[in-house]
Amino acid sequence: METEETKSLNFIEHIIENDIAEGKHEKRVHTRFPPEPNGYLHIGHAKSICLNGGLAKKYNGKFNLRFDDTNPETEEVEYVNSIRNDVKWLGFQWNNEFNASDYFDQLYDYAVKLIEIGKAYVCSLTPEEVHEYRGNPTTPGKDSPDRNRSVVENLDLFTRMKNGEFCDGKYTLRAKIDMASTNMHFRDPALYRIRKKHHWKTGDKWNIYPMYDYAHGISDAIEGITHSICTLEFELHRPLYEWLNNTLETTHRPQQIEMSRLNITYTVMSKRKLMQLVNEKHVNGWDDPRMPTISGLRRRGYTPEAIRDFCERVGISKRENLIDASLLEFSVREDLNKKAPRFMGVLNPLKVVITNYPENQTEELEAVNNPEKPEDGSRKVPFSRELYIEQEDFMEVAEKKWFRLAPGAEVRLRYAYFITCQEFIKNENGKVMELRCTYDPASKGGNSPDGRKVKGTLHWVSAQHAITAEVRLYDRLFKTETPDKGEGDFKDLLNPDSMKVLTNTKLEPHMKTLTSGTSVQFERMGYFCVDKDTTKNHLVFNRTVTLKDTWAKESKK
RNA sequence: AGACCCAUGGUGUAAUGGUAGCACUGCACAUUUUGGUUGUGUAUGUCUAGGUUCGAGUCCUGGUGGGUUUACCA
């Protein structure tokens, strides 16, 4: 009998299971992901998608994608397409796709109803005056002079607002709640504003647009959403969310649940800041591999599986949190380790001549494609007299615990031979330009028949067979853990070395057939994926993440 | 300042009022034809003061610390 491990529940799952046990919401679970189409999705959104989509799946419920398009000034169809694409790529299929703008007619009717029952009025205060009248948390606000306008007059004015008779900003529709409430959102919040703007979906039909608070809760109710999950800053909006649905007596009464947003070290997570990085060209677009956007992570080589795993690991709670970037790296390494085929690629080539290897000889050596997946088989890699190895694999004077190449030292060339460094050649600047080594013909394949051990194994590539490629090495986007939290401009904290382009890397010949988007491991160096900038004659790789490097840590001591 | 929310190792997250666990990170060791992977071990934690209780990380009160809120953005 298999003992199924009972996984602990997060606080939202606790709520849902209680609700189901109590028969709330007819025991249904219906979630939604409600992005505003005014930017690209980032990893924080991924967390929300995984949560909402995952909850629906787990409790046999439904999951809606709803574009929260109530502000025609910032929203664009380009973003709509990228959002659909990103959600799908992450592995979530929504049951319904809606737009808040689908409900503009109903929303309008509800507003009329609010006016009719004396719970809303048309207000002529300017934004400055509204601010003045609102008071502050310790002092109550003042009633708008229009607060007691008659229902008839409100109805007339609201109709004329809709009909476009007034210019932008002339009037707003406000809920009539309580100007003395300690919750500022209860001090007669705006419900509608006049904006004579073209809307990407409804065109020029509307001259007035609903505010978020008004549209969101009602949209949830219309769709029969049961658990409306949002972030902590909406906590104070919840009473208004409930007031609206209760006052309007909507058929469904969804419950809003707030959780903390995702923060990760060395990056920023606000759409506004990401937009700035793009617009001011600090990065090369929304899908720059250094961006925490879903499209950026995808181009960097992150897999949907890795991102989902990460979102699972960070957990759900109501506390402020700052996730260590190494957790994201862990998730992608774990996934790619299982999947990525191995190749040998030399990032910074150092020429090696095997002096006792015949001049014109070439042989094909057998190399395993993925030690984690024996079923992936093996391939042949050409070997010849002149090779490239990694510059950092040779040290003129070996330090402690160094077991790579050094004068007189013997190492293994992976899947090839043992070689011993006999001499090295420097240029006039003292830089090592070439190594002259001898090989042990008996060690073919990488083992010596006499049982002799070597500590180091190096990757290599045959000089005459190698292909040249461009490799882009990425590092953290910012120099500090919390660029958000600094005093000055967060852009001053950008890491100037976040991208390093290598144009002369040498790869084993098989790699020329790799196509855009493919992830591979460069043995000993890391995981890389083929970038979309690749052309027939120009291969470009992005480094997704390095391998864990125990030596790098050791050498720093 | 008012209201609201939050407080568990370095980080994140668990624990019907009953043995504080898991993961990442760190460190050490073993294995290894990737200084990868894998395995083993180890370090560090319930903000504070009271109260309720046989028993409190959990419930109550005060304090402290952090967050949110005062847009015709979402």
Side-chain angles (χ1 to χ4, degrees), chain A residues 7-10 34-36 38 68-71 73-75 100 123 125-127 130-131 134-141 168-174 181-185 187 189-195 208-209 211-213 215-216 230-239 258 260 265 271-272 310 312-331 333-334 337-338 342 344 367-368 371-372 401-404 412-416 418 443 445-447 453-459 521-526 546-555:
Chain A
K7 255 193 77 195
S8 59
L9 306 178
N10 62 50
E36 184 189 10
N38 70 346
D68 216 333
D69 54 353
T70 55
N71 185 354
E73 301 191 288
T74 54
E75 296 154 6
C123 180
L125 256 27
T126 64
V130 169
H131 181 75
R134 180 148 8 242
N136 66 45
T138 43
T139 62
D168 285 13
K170 172 83 176 161
Y171 290 111
T172 55
L173 182 74
R174 292 225 263 164
S181 174
T182 51
N183 183 343
M184 300 299 283
H185 297 280
R187 322 253 264 224
L191 266 24
Y192 269 93
R193 76 283 212 183
I194 301 173
R195 283 290 175 282
I208 55 173
Y209 290 93
M211 303 291 295
Y212 165 84
D213 279 316
H216 197 84
C230 61
T231 44
L232 252 25
E233 67 269 28
F234 291 102
E235 216 145 24
L236 269 356
H237 297 233
R238 186 174 1 116
E258 310 85 14
S260 48
T265 52
K271 256 196 241 179
R272 206 194 93 245
F310 172 77
E312 185 69 35
R313 284 172 190 275
V314 296
I316 306 293
S317 76
K318 299 186 72 161
R319 308 186 207 171
E320 283 303 312
N321 60 74
L322 181 61
I323 307 293
D324 201 322
S326 62
L327 186 62
L328 227 200
E329 296 185 346
F330 172 83
S331 290
R333 281 194 193 106
E334 189 182 56
N337 176 50
K338 289 180 298 194
R342 272 60 169 171
M344 292 195 284
V368 174
E372 303 295 316
K401 293 192 183 174
W402 175 262
F403 40 86
R404 272 116 98 147
R412 168 169 41 231
L413 293 181
R414 183 147 226 227
Y415 301 125
F418 286 9
S443 64
N447 280 307
K453 297 278 187 226
V454 289
K455 291 274 273 184
T457 300
L458 310 187
H459 61 282
Q521 184 192 104
F522 286 21
E523 294 225 24
R524 305 207 305 134
M525 302 310 287
T546 60
L547 253 31
K548 242 173 77 180
D549 192 345
T550 331
W551 166 248
K553 258 181 268 178
E554 183 66 37
S555 60

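Letters A, B, ... are given to chains in the order of the sequence lines, protein chains preceding strands, and every chain is numbered from 1. Note that the structure is a prediction, hence the values are computed from the model and not measured.
A/Asp213 places its CG atom 12 Å from the C1' atom of B/U69, with the value rounded to the nearest Å. Going from atom CG of A/Asn321 over to atom P of B/G66 covers 18 Å, rounded to whole Å. Atoms CG (A/Asn136) and C1' (B/A71) sit 16 Å apart, rounded to a whole Å. Per the geometry, CZ belonging to A/Phe234 stands 16 Å off C1' belonging to B/U70, to the nearest Å. As a whole-Å value, the separation of A/Arg412 CZ from B/U34 P is 7 Å. Here B/A3 presents its P atom at 19 Å from CG of A/Leu232, a figure rounded to the nearest Å. The nearest whole Å value for the distance from the CG atom in A/Leu547 to the C1' atom in B/G36 is 4 Å. One atom, CG of A/Asp324, and another, C1' of B/U13, lie 14 Å apart when rounded to the nearest Å.
Across all strands, A/His131 comes closer than 4.0 Å only to sugar-phosphate atoms, never to a base (heavy-atom distances). Nucleic acid contact class of A/Arg238 (heavy atoms, under 4.0 Å, all strands): none. Residue contacts shown for A/Pro371 include a base, since a base heavy atom lies under 4.0 Å away. Within the 4.0 angstrom heavy-atom criterion, no nucleotide atom of any strand lies near A/Glu554. Across all strands shown, A/Ile316 has heavy atoms under 4.0 Å from sugar-phosphate atoms exclusively, and none from any base. Contact annotation for A/Tyr192: no contact, since no heavy-atom pair falls under 4.0 Å across all strands. Note on A/Gly135: only backbone sugar-phosphate atoms sit closer than 4.0 angstrom, heavy atoms only; bases stay farther off. Residue A/Tyr415 is classed as a base contact, given a heavy-atom separation below 4.0 Å to a base. The residue A/Arg333 sits apart from the nucleic acid: no heavy atom pair falls under 4.0 Å. A/Tyr209 comes within contact range of no nucleotide atom at all, as no heavy-atom separation falls under 4.0 Å. If you check every strand for non-hydrogen atoms under 4.0 Å, A/Leu458 touches nothing. At the heavy-atom level, A/Glu523 lies under 4.0 Å from base atoms of the strands shown.
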Task: Full working for side-chain contact (heavy atoms from CB on, under 4.5 Å) between A/Phe234 and A/Arg238 - done: CA-CA 7 Å; A/Phe234 291 102; A/Arg238 186 174 1 116; over 6 Å; no
TODO: Step by step, work out the side-chain contact (heavy atoms from CB on, under 4.5 Å) result for A/Glu372 and A/Arg342.
DONE: CA-CA 10 Å; A/Glu372 303 295 316; A/Arg342 272 60 169 171; 3.9 Å; yes
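Taking atom P in both B/A71 and B/A14, one finds a spacing of 34 Å when rounded to whole Å. B/U37 and B/G26: their P atoms are spaced 11 Å apart (whole Å). Remark: the separation of the C1' atoms in B/U8 and B/C73 is 37 Å, to the nearest Å. Spacing between B/G12 and B/U46 at atom P, rounded to whole Å, works out to 16 Å. Nucleotides B/G41 and B/C22 have their P atoms positioned 10 Å apart, rounded to a whole Å.
Checked by atom type, the side-chain pair A/Arg414/A/Thr457 shows no donor-acceptor distance below 3.5 Å. Side-chain contact, A/Ser181 with A/Asn183: no donor N or O sits under 3.5 Å from an acceptor N or O.
With B/A14, B/G2, B/U34 as the choices, the nucleotide that has an atom nearest any side-chain atom of A/Asn10 turns out to be B/A14. The side chain of A/Met211 sits closest to B/C73 out of B/U34, B/C24, B/C73. Closest to the side chain of A/Leu236, out of B/C5, B/C4, B/A74, is B/C4. Distance from the side chain of A/Arg524 is smallest for B/U34 among the nucleotides B/G36, B/C73, B/U34. Distances were taken from every side-chain heavy atom of A/Ser8 (C-beta onward) to each of B/G12, B/A14, B/U11; the shortest belongs to B/A14. Considering only side-chain atoms of A/His185, the nucleotide from B/A3, B/C72, B/U70 that sits closest is B/U70. Picking from B/U37, B/U25, B/U68 the nucleotide with the shortest atom distance to the side chain of A/Ser326 gives B/U25. Residue A/Lys553 places its side chain closer to B/C27 than to any other of B/A71, B/C27, B/G35. Closest to the A/Met184 side chain, of the nucleotides B/G35, B/U37, B/U70, is B/U70.
Searching all strands for a Watson-Crick or G-U wobble partner of B/A49 with both distances below 3.5 Å returns B/U61. Pair assignment for B/C29: B/G39, on the basis of Watson-Crick or G-U wobble contacts that are both within less than 3.5 Å. Pairing partner, B/A71: none, since no Watson-Crick or wobble contact has both distances short of 3.5 Å. Checking B/U44 for Watson-Crick or G-U wobble geometry (two distances, each under 3.5 Å) identifies no partner in any strand. The partner of B/C22 is B/G12, by the rule that a Watson-Crick or G-U pair needs both atom distances under 3.5 Å.
In terms of phosphate contacts, A/Thr70 brings a side-chain nitrogen or oxygen within less than 4.0 Å of OP1 or OP2 of B/A74. Using a 4.0 Å cut-off, some side-chain N or O of A/Ser317 falls inside it from OP1 or OP2 of B/U13. Between A/Arg193 and B/A74 there is a side-chain polar atom (N or O) within less than 4.0 angstrom of OP1 or OP2. When the side-chain nitrogen and oxygen atoms of A/Arg134 are compared with OP1 and OP2 of B/C72, one or more of them lie within a distance under 4.0 Å.
A donor-acceptor distance shorter than 3.5 angstrom exists from the side chain of A/Thr265 to the backbone of A/Ala325, with no hydrogens or angles considered. In terms of modelled atom types and a separation under 3.5 Å, the side chain of A/Asn38 and the main chain of A/Glu75 share no donor-acceptor contact. Panel note: side chain A/Arg333, backbone A/Thr546; a donor-acceptor pair is recorded below 3.5 Å. Between the A/Arg187 side chain and the A/Arg134 main chain, a donor and an acceptor come within less than 3.5 Å of each other. The closest donor-acceptor contact from the side chain of A/Thr139 to the backbone of A/Gly135 lies at 3.5 Å or more, if one exists at all.
Toward the 5' end of RNA chain B, the nearer of the two residues A/Gly315 and A/Asn337, judged by each one's closest nucleotide, is A/Gly315. Mapping A/Thr182 and A/Leu327 onto RNA chain B by nearest heavy atom places A/Thr182 at the nucleotide closer to the 5' end.
Under 3.5 Å, the side chain of A/Arg404 and the base of B/G35 form at least one donor-acceptor pair of N or O atoms. Counting atom types as modelled, A/Glu372 pairs a side-chain N or O with a base atom of B/G36 as donor and acceptor under 3.5 Å. Donor-acceptor pairing under 3.5 Å, judged by distance alone, is absent between the side chain of A/Arg313 and the base of B/U13. Checked by distance alone, A/Glu233 brings no side-chain donor or acceptor within 3.5 Å of a matching partner on the base of B/U69. Remark: the A/Arg319 side chain and the B/U8 base include a donor-acceptor N/O pair separated by less than 3.5 Å.
The aromatic ring of A/Trp551 sits over the base of B/G35, with ring centres less than 5.5 Å apart and planes tilted by under 30°.
Note on ring orientation: taking the six-membered ring where Trp is involved, the planes of A/His237 and A/Tyr212 are perpendicular (angle over 60°, cut-offs 30° and 60°).
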